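What follows is one structure encoded as C-alpha cells, with my remarks underneath.
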Amino acid sequence: MADAEYDRLFRELQNIEERYPTLRVADSPTQRIGAEPVSSLTKHRHRVPMLSLGNAFDDDELLAWETRIAKIVPEVVSGGYSLEFKIDGAAISLTYEDGVLSIATTRGNGTIGEQITPNIRTIPDVPLKLQGEEWPRSMEIRGEVYFPLSNFAALNRQRVQAGEQPFANPRNAAAGSLRQLDPSITRQRGLRFFPFHVETTEPFAARAQHEVLEVLESWGFRVAPHHHRVNSLTEAVTAIAQLEPLLPSLDFEADGVVVKVDRLDLHPELGVVGGREPRWAIARKFAPEVAVTKLHEIRVNVGRTGALNPYAVLEPVEVGGVTVSTATLHNFDLVEAKDIRIGDEVEVTRAGEVIPQVLGPVRDRRTGQERQFVTPDRCPVCGAAVEHPADEVMYYCPNVTCPGRMLEAVIHFASRGAMDIRGLGGQRVTQLRDTKLVLDVADIYELSQAQLESLEGFAIKAATQLIEAIEASKTRPLSSLLFALGIRHVGATVARLLAAKFGSMDTLMKATVEEVAATEGVGPIIADAVVHFFGEPENRGLIERLQQHGLTFTEPEGGGAKPLAGQTFVITGTLPTLSRDRAKELIEGAGGRVTSSVSKKTTAVVVGESPGSKLNRARDMGVDTIDEAGLLRRITSHA
Ligand code: IVH
C-alpha cells in the first residue's frame with residue numbers, strides 16, 4: 001500500500017472511531033499513537049517473575065555450567081542448545097489475550113514492573129493482533145526492546161541541541177524512551193523489539209526453544225537474526241566464536257550469546273537458582289574490547305563531500321589484539337556532548353565498529369591540564385567558512401575546489417562502483433594533484449598520453465592503459481556518473497533511482513526539491529542535497545566541462561546493465577521504503593524475475609517487516625534471505 005493511501009485510510013478510521021467510540025478495538029492501528037500522556041506509570045505485578053540470567057565469562061565457565069546442570073538432568077547433554085544473541089536493550093513482557101495485545105510492562109524488579117502499554121503500541125514490530133490461530137488464549141511474550149544503532153547518534157544530537165543530557169548508550173536510550181509519559185515521543189524514537197520467550201500454562205506448538213522462535217515468527221514477530229541450534233556444548237563454543245565477529249554488522253547492541261537448553265520439557269526440571277536465574281539458560285558474555293589511553297591531539301580530516309571528520313591522535317594502545325593510535329570522534333557535536341578534552345585519558349573501543357572510536361573521557365583521571373577543543377569555523381585545509389546544515393550532525397567545507405576534498409573526490413570518482421577508471425587509485429591521484437595535472441574531476445578528461453608519460457613511474461604502457469580506461473569511462477551510464485560526483489547523501493542506490501526516474505542529467509538539474517523528493521526511496525533531505533548541489537555555480541561549471549568531454553548524460557532503458565539476469569526473487573513482508581510493485585519493477589528492470597512461492601530455484605527471498613511463512617520456507621530450504629538494502633545493493637552493484 002502506498003503511504004498516501006495508508007494515511008487516507010488511517011484518517012477515515014480515526015473519524016469513524018471518533019463518531020462511534022464503541023467500535024474502537026484494542027488492536028486498532030490508531031491505538032499505536034493515540035493514547036493521551038499518562039501522569040505516572042501504573043505498577044504491574046508479573047504473573048510469573050521476569051528472571052535474569054547467570055553469566056559465563058569464558059568457555060570454561062560455560063562448560064562448568066553444563067556439568068552443573070547435567071548433574072540435575074543428565075539429558076541436557078544430548079538434547080542440544082539454542083543460541084541467541086543477548087540483546088542489550090530493555091526487557092519487556094507482553095500479555096496477549098485471545099491473540100490481542102492487552103498489557104505491556106517493563107521488567108521492573110522482576111516481580112513488579114510498570115505498565116507501558118501505550119508506548120509499546122507505537123513499536124511496529126509488536127503485533128497488536130497475532131497472526132494465525134494457534135496461539136495460547138492467554139500468555140506473556142517476553143523479549144527485548146532496543147534502540148537501533150543507526151539512529152542513536154541522531155537522537156543524542158537532537159538532545160544536545162534541545163539542551164538535554166545525551167544518552168550514555170543505546171540501552172539507556174531504549175529504557176528512557178519506553179518510560180515516556182507521552183507515547184508520541186516514544187513513537188518518534190523508532191524503537192524495535194525482538195521476542196525470545198513465551199510464558200503460558202497452555203500447550204502450544206513448540207517443544208524446543210528453537211521452535212519457540214519459529215512459532216513467534218509465525219505469529220507475526222521478527223526474531224533476532226543469527227539464532228541457531230547446536231547439538232552439543234562443544235559446537236556451541238565454536239558457534240559463539242563465529243557469532244562474535246558479526247557484532248559490527250548488527251543494528252543492535254549485543255553483549256553476549258544466550259545459551260539455552262533446547263528441550264522445553266527439561267526447563268521445569270532444571271528449575272531456578274535463588275529465585276532469580278533459570279538453570280536452563282546462561283549468558284556467555286563477550287569480552288568488552290575497551291582500552292584507556294591518552295588523547296594527545298584532535299585533528300580534522302576533510303572527506304570528499306566536504307564533511308569535516310574529527311579524529312583523535314592517541315598514545316598507541318592495544319584494543320582487541322590491534323594497536324590503535326588514531327580513533328574517530330565521529331563529529332564535533334559528540335566531542336562537545338561527551339566533553340572530550342585534549343590531554344584526557346579516554347576509553348577507546350573497536351567493538352561494534354571496524355574503525356576504532358573514542359567512547360569518552362575518564363573524568364576521574366583529569367589533572368586540570370586538559371584543554372577544551374573548539375569546533376573550527378574554518379576548513380582546516382582551505383580556510384573556507386564551515387557550514388552546519390540545521391538537521392545534520394556533520395559540519396562541512398562548502399568549497400568544491402578545496403584541495404582536501406578534491407583528493408578524496410577524485411579517488412571516489414574513479415573508483416569501481418563509480419566511473420571505474422582502472423589505474424587511477426590513491427597514489428596516482430596524489431601524484432596527479434601534486435603535479436597540478438588534476439585539480440578536479442573534469443581535469444581527468446584533459447590528461448594527454450604525453451603528460452602521463454612524462455610523470456615518474458609511468459611507463460608508456462601504463463599511460464596508454466590509463467588513457468583507454470578514461471576514454472571507456474565516458475560510456476558509463478548517468479547513474480554511475482551521479483554516484484561518482486559525490487553529491488551528499490547520494491550513494492549508488494539513490495543515484496540509480498534518480499537516473500531511472502529523471503532519465504537525463506538535464507532533467508534532473510532542472511528538477512525542484514519536491515520533484516526530486518517524489519522519487520521512491522528518496523527523502524526530502526536527499527532531495528535538498530541534490531538540488532543544492534546543482535545550484536552551485538562551480539558544480540554547474542564542472543558538469544558543463546564533463547559534457548564537453550563527451551560523458552554519458554543519460555540512463556539507458558532498464559539502467560543498462562542486467563545484474564539480476566536469470567535470477568528469481570520472492571518478496572515477503574512490508575519493505576521499509578519500496579512498495580511491492582516498485583520492488584518488482586526494479587528487479588525486472590535489472591533483468592530478474594519475481595515469483596510468489598519459494599522453491600529451490602529461488603535466488604533469494606527479500607524479507608520485509610512482518611514476513612509470512614515464505615521466510616520459514618526459505619530457511620527450511622536453505623534459500624538465501626536478504627533485506628531491501630541487500631536487494632538494492634544487488635541491483636546497483638554492477639550498474
Ligand atoms: S532469556 C525467561 N534470551 O537478558 C527468559 N534473555 O540478563 C530469560 N536478554 O532480562 C532470559 N537477550 O531481557 C534471554 N536472547 C535472549 C536475551 C535475553 C537479552 C535479556 C533479558 C533478561 C536479561 C537477563
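Everything quoted here is computed from the prediction, not taken from an experiment. Note that ligands are numbered from 1 as they come in the structure, with each ligand's atoms numbered from 1 the same way.
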*asked:* Check this for me: does any side-chain nitrogen of one of Asp59 and Arg284 sit under 4.0 Å from a carboxylate oxygen of the other?
replied: yes
*Counterpart residues, side-chain contact (heavy atoms from CB on, under 4.5 Å), relative to Ile103 (two or more places apart)*: His44, Thr95, Thr105, Gln115, Thr117
*Which heavy atom of Pro148 sits nearest a heavy atom of Leu191, and at what distance?*
CD-CA, 4.4 Å
*Who are the side-chain contact (heavy atoms from CB on, under 4.5 Å) partners of Ala224, not counting sequence neighbours?*
Ile87, Phe194
_Presence of salt bridge, Arg171 and Glu253, under 4.0 angstrom_ = no
*Partners of His210 by ring pair (Phe, Tyr, Trp, His ring centres under 6.0 Å), sequence neighbours excluded?*
none
_Residue shell around ligand 1, heavy atom under 4.0 angstrom_ = Leu51, Ser52, Leu53, Glu84, Phe85, Lys86, Ile87, Ala91, Arg107, Glu144, Phe196, Val258, Lys260
